[in-house]
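For reference, the structure is listed below as structure tokens.
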Amino acid sequence: MPALASSPSAALDVLGVPGEINLDYAATAPCARAAADAVTELLPWYASVHRGAGALSRRCTLAYERARQTVGDFLGARADDHVVFTRNTTDALNLLARSLPAGTTVVTFAGEHHANLLPWPRGSVRLPVPADPAGAVRALAAALTELRRDSNPALPVLVAVTGASNVTGELWPVAELARVAHRHGARIVLDAAQLAPHALVDKQALDVDYLAVSGHKLYAPFGAGVLVGRADWLDAAPPYLAGGGATSHVGPATHDVAWTTGPARHEGGTPNLLGAVALAAVCAALADADRAALAAHEQALLARLRAGLAALPHVVELRTFGPDAPRVGIVSFVVAGQDSATVAARLAAEHHIGVRDGLFCAHPLARRLLDEAATRTGRRDLPSTALRASIGLGSTAAQVDRLLAALAEVA
Ligand SMILES: Cc1ncc(COP(=O)(O)O)c(C=O)c1O
């Protein structure tokens, strides 16, 4: 397997195909060597998980439970939290949505990814996209004050926010939002899908109640994600997937079933062992890495990319909080007068560069930012969808420069 780009630690080298430049990490990041090695090592032992007495099966069961521990530790889980393996962040947030006690109101912002907008029940409150992080904190405080005044204070409230925007990369003030939520007796879930690949996410330090991530955005293969969080709602909820492994007793009558508690309650069926082990291997490698150095390298590349885009006459960046807001390595932009899908297709076909185009599964935010960009620049020829470039482990200045040169040609 070719390692295309090296990082300070061999375990965090990412795999790829020579000649192809991947600048679409926010959709799916390339696989880290740590993940590939962990899968290769386990494959000869491949056997059932939690279902067999043989040596292979016992080793696989141990590997799965160790992976749970490693991922939970990496994300700062509390000892009494559940760490539930899911398919991805969407799955994790849907699991939480199905576990909400009756009468729960969910409060979120219109800037969220669809995965953090659509699973929530009817009656959820969607706050407008704020102008800056302080505005988000003020808006949440006002909304929770009103909610607590107007509705039964005994009913649960859940605040659902992202750590970093998948459209702009901008960071949200998670710790402050958690403080506000808790001051009003609400819980908070962090969608860490875009934050965790770029920065340390410590659930206890941020003081969030739940946290969701996707393995495939965190340098592991597809198919494994995690919901970490407080046990009480999860243990009281109906099983997310009814079936083998989720029960403690099944009798002869149709409804004679007792569901187990703990992560297994929501992991019915044979689990994704390789996905969990691969994700844990990346978490372990990142835990050992100098994250500050990795972040500094990413920020230098991001600054180079944004400066280069700003210098291209027809390129307009999309942003929510303003040009200087802290952000991770994600930039969305448009080329005035050019259809974004056509630009993306030309970058791929003529320059072997992969970027994303569209509205990035965050339609309300992306449309709003396109309108804002038109107002800010006074241009009437901006397209109705955008382009997105995103970077991470293994990204290089040469790749950024290739994108800028290609855009200069295309534009
Ligand atoms: C902020 C954010 N949340 C959630 C998701 C959903 O992740 P997944 O598709 O892995 O479920 C994404 C995916 O792009 C995202 O960017």
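Atoms within each ligand, like the ligands themselves, are counted from 1 in listed order. The first residue of the sequence shown is numbered 1, and numbering continues consecutively from there. No hydrogens, no waters, no symmetry mates; every other heavy atom, side chains included, goes into these values. Because the structure is predicted, anything quoted here is derived from the model rather than measured.
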Tyr210 and Trp233 aromatic ring geometry - parallel, tilted or perpendicular at 30°/60° bounds
parallel
Quick test of your reading of the model: are Glu372 and Arg376 salt-bridged, counting only N-O distances below 4.0 Å?
yes
What orientation do His50 and Tyr64 show, parallel under 30°, tilted 30 to 60°, or perpendicular over 60°?
perpendicular
Neighbouring residues of ligand 1, heavy-atom cut-off under 4.0 Å:
Asn88, Thr89, Thr90, His113, Ala115, Thr162, Asn166, Asp191, Ala193, Gln194, Ser214, His216, Lys217
Salt-bridge criterion met for Arg306 and Glu317 (N-O under 4.0 Å):
yes
What I want to find out is whether Asp401 reaches Arg304 closely enough, with some N-O distance under 4.0 Å, to be called a salt bridge.
yes
Within 45° of the axis and under 6.0 Å from the centre of the six-membered ring of Trp45, does NZ or CZ of Arg58 qualify?
no
